Amino acid sequence: MIDWNIHPGAQQKYDEALLHFSAIDERLVIAFETCYREYFRSILSNPHLYNLRQHSSRRVNLQPRFGEYYIAYMIWEEKVVILAVAHAKRRPCYWRDRISEAKEMF
């Protein structure tokens, strides 16, 4: 596995997603966490697997059940940096400023 960091804003949005799902049904929280962890492990085991997007970022949708959510990340100095855990229909590119922030932070 490769080293990794998560931008504080990405952690916050992940936590907010869990809170959102917990208000609906606790089983959704477990399902979302499981789905997220599977993709997170996939990213760490093969960070170049997912397509390169704008500004050197990569993105993977949390399919199939949580396909409206995605993980945006970049590879920076041989580390995976999670930039966002985002909802595709809610301000989909709000996190792009985190690319330069993350380069300074990590």
Side-chain angles (χ1 to χ4, degrees):
M1 281 234 214
I2 191 168
D3 285 338
W4 62 276
N5 291 98
I6 186 166
H7 189 282
Q11 182 65 52
Q12 179 184 351
K13 290 297 183 182
Y14 175 77
D15 294 341
E16 288 174 9
L18 293 179
L19 187 61
H20 167 74
F21 290 125
S22 71
I24 299 167
D25 187 333
E26 195 62 32
R27 292 174 291 190
L28 282 173
V29 174
I30 294 166
F32 183 78
E33 284 183 306
T34 300
C35 183
Y36 174 84
R37 287 181 184 153
E38 286 175 14
Y39 279 100
F40 182 74
R41 280 191 295 272
S42 176
I43 291 167
L44 293 183
S45 66
N46 190 357
H48 296 281
L49 177 64
Y50 300 102
N51 291 334
L52 192 59
R53 308 281 284 215
Q54 289 182 328
H55 310 289
S56 302
S57 66
R58 295 173 184 269
R59 172 180 162 165
V60 58
N61 292 350
L62 302 182
Q63 297 288 344
R65 188 170 187 185
F66 299 99
E68 68 274 9
Y69 283 89
Y70 64 90
I71 300 171
Y73 69 99
M74 69 180 186
I75 301 166
W76 177 248
E77 296 186 352
E78 300 182 32
K79 285 187 260 183
V80 168
V81 178
I82 305 297
L83 298 167
V85 178
H87 193 286
K89 294 181 181 173
R90 297 183 197 139
R91 297 180 17 228
C93 300
Y94 72 92
W95 53 267
R96 284 197 181 143
D97 291 342
R98 293 180 186 168
I99 294 170
S100 57
E101 290 174 7
K103 287 178 179 179
E104 292 178 20
M105 294 171 74
F106 307 114

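Quick note: numbers below take in every heavy atom, side chains included, and nothing from hydrogens, waters or symmetry partners. For reference, positions follow the sequence shown, starting with 1. Computed from a predicted model, the values in this text were never measured in an experiment.
- At a cut-off of 3.5 Å, with distance as the only test, a side-chain donor of Arg59 or Asn61 sits close to an acceptor on the other residue.
- Trp95 has its side chain out of reach of Val85: every pair of non-hydrogen atoms, C-beta onward, lies at least 4.5 Å apart.
- For the pair Phe32/Leu62, a side-chain contact is recorded, criterion being any heavy-atom separation below 4.5 Å from C-beta on.
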What verdict does the side chain to side chain contact (heavy atoms under 4.5 Å, CB included) test give for Asn5 and Ile82, after you've listed the backbone C-alpha separation in whole Å, the side-chain angles of each residue and the deciding distance to 0.1 Å?
CA-CA 6 Å; Asn5 291 98; Ile82 305 297; over 6 Å; no
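- Taken together through direct or relayed side-chain contacts under 4.5 Å among Ile, Leu, Val, Met, Phe, Trp and Tyr, Val29 and Leu19 form parts of separate hydrophobic clusters.
- Taking the six-membered ring where tryptophan is involved, the planes of Tyr50 and Tyr39 are tilted, since the angle between them lies from 30° to 60°.
- If you take SG on Cys35 and CG on Leu28, they are separated by 11.5 Å, rounding to the nearest 0.5 Å.
- The aromatic ring centres of Phe40 and Trp4 sit less than 6.0 Å apart.
- In terms of heavy atoms, Ser42 sits closest to Ser45 at O-OG, 3.1 Å.
- Between Pro8 and Gln11, the closest side-chain pair of non-hydrogen atoms is not below 4.5 Å.
- The main-chain N or O of Tyr36 is never found under 3.5 Å from a side-chain atom of Tyr14 such that the two would form a donor-acceptor pair.
- Distance CD1/Ile30 to CG/Leu18: 11.0 Å, rounded to 0.5 Å.
- Here the closest heavy-atom approach between residue Arg65 and residue Ala31 is recorded as NH1-CB, 3.6 Å.
- For the pair Glu78 and Asp3, the minimum side-chain heavy-atom distance is 4.5 Å or more.
- A centroid separation of less than 6.0 Å is found between the aromatic rings of Phe66 and Phe21.
- Counting heavy atoms from C-beta on, the side chains of Ile71 and Ile43 come closer than 4.5 Å.
- Ile6 and Ile2 end up in the same hydrophobic cluster when Ile, Leu, Val, Met, Phe, Trp and Tyr side chains are linked at under 4.5 Å.
- The two atoms that bring Tyr94 and Ala84 nearest to each other are OH-CB, 4.1 Å, heavy atoms only.
- In this structure a side-chain-to-backbone donor-acceptor pair under 3.5 Å is missing from Ser57 to Arg53.
- Here the straight-line distance linking atom CZ of Arg58 with atom CG of Asn51 works out to 8.0 Å at 0.5 Å rounding.
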Only pairs under 3.5 Å count here: list side-chain donor-acceptor contacts from residues 98-106, not counting sequence neighbours, and write none if there are none.
from: Arg98; atom 1: NH1; to: Leu83; atom 2: O; distance (Å): 2.8
from: Ser100; atom 1: OG; to: Asp97; atom 2: O; distance (Å): 3.2
from: Glu101; atom 1: OE1; to: His7; atom 2: NE2; distance (Å): 2.8

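- Annotation: cation-pi pair Lys13/Tyr69 absent, no NZ/CZ under 6.0 Å from the ring centroid and within 45° of its normal.
- Within the 4.5 Å cutoff, the side chain of His55 has heavy atoms near those of the Arg96 side chain.
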